[in-house]
Amino acid sequence: MHRALTLLSFGAVLAFASTQLLAAGNIENGKQKAATCFACHGTDGNSIDPQYPRLAGQYNMYLQQALNEYKTGQRDNAIMKGFVAQLSDQDIQDVAAYFSSLPTKLDTLQGHIQGDK
């Protein structure tokens, strides 16, 4: 009985891990879906305006979480909420995959934190 429970637990872990891999998104689809993001965040995800975050090189799951929080209203930004309202879960995964795959140009936070001079 103990062995069966161990095997069942191991199977559940594998299923969860494969679900996380599937949630990685498609980079090429993400690039197309992120076209509206480029005006503020830059085509390479490295915004030069400090009021817009640099998305290039951010963690995939962090980007997904942030986009979902804008969508649900946990993060309060009317502009972002309007953009993400149109995105499906797959779209969010794809956009996150695209931006997380890009090389970041952020080597310091100087000038990239709101209120920072």
- In terms of hydrophobic clustering (I, L, V, M, F, W, Y; side-chain heavy atoms under 4.5 Å; direct or indirect links), are Met61 and Leu67 co-clustered? no
Under 3.5 Å, side-chain donor or acceptor atoms of residues 32-39 against the rest of the protein: list the pairs with distances, not counting sequence neighbours.
residue: Lys33; atom: NZ; partner: Asp91; partner atom: OD1; Å: 2.9
residue: Lys33; atom: NZ; partner: Asp94; partner atom: OD2; Å: 2.5

Working to the nearest 0.5 angstrom, can you tell me the gap between [X] [atom1] and [Y] [atom2]?
X: Leu55; Y: Tyr62; atom1: CG; atom2: OH; result: 8.5 Å
X: Ser101; Y: Asn60; atom1: OG; atom2: CG; result: 9.0 Å
X: Gln65; Y: Ile92; atom1: CD; atom2: CD1; result: 11.5 Å
X: Tyr52; Y: Ser47; atom1: OH; atom2: OG; result: 7.5 Å

Checking [X] side chain against [Y] main chain: does a donor-acceptor pair fall under 3.5 Å?
X: His41; Y: Pro53; answer: yes
X: Asn46; Y: Pro103; answer: yes
X: Arg54; Y: Lys105; answer: yes

- Message: I'd like to check the salt bridge (Lys or Arg N to Asp or Glu O under 4.0 Å) partners of Glu28; sequence neighbours left out, ordered by chain and number.
- Response: none
- Item | Which residues share a salt bridge (Lys or Arg N to Asp or Glu O under 4.0 Å) with Lys31, sequence neighbours left out | none
Could you tell me whether the side chain of [Y] reaches within less than 4.5 Å of the side chain of [X], counting heavy atoms only?
X: Gln93; Y: Gln64; value: yes
X: Val95; Y: Leu63; value: no
X: Lys71; Y: Lys81; value: no

- Minimum heavy-atom distance Asn77-Tyr70, with the two atoms named: CB-CE2, 3.7 Å
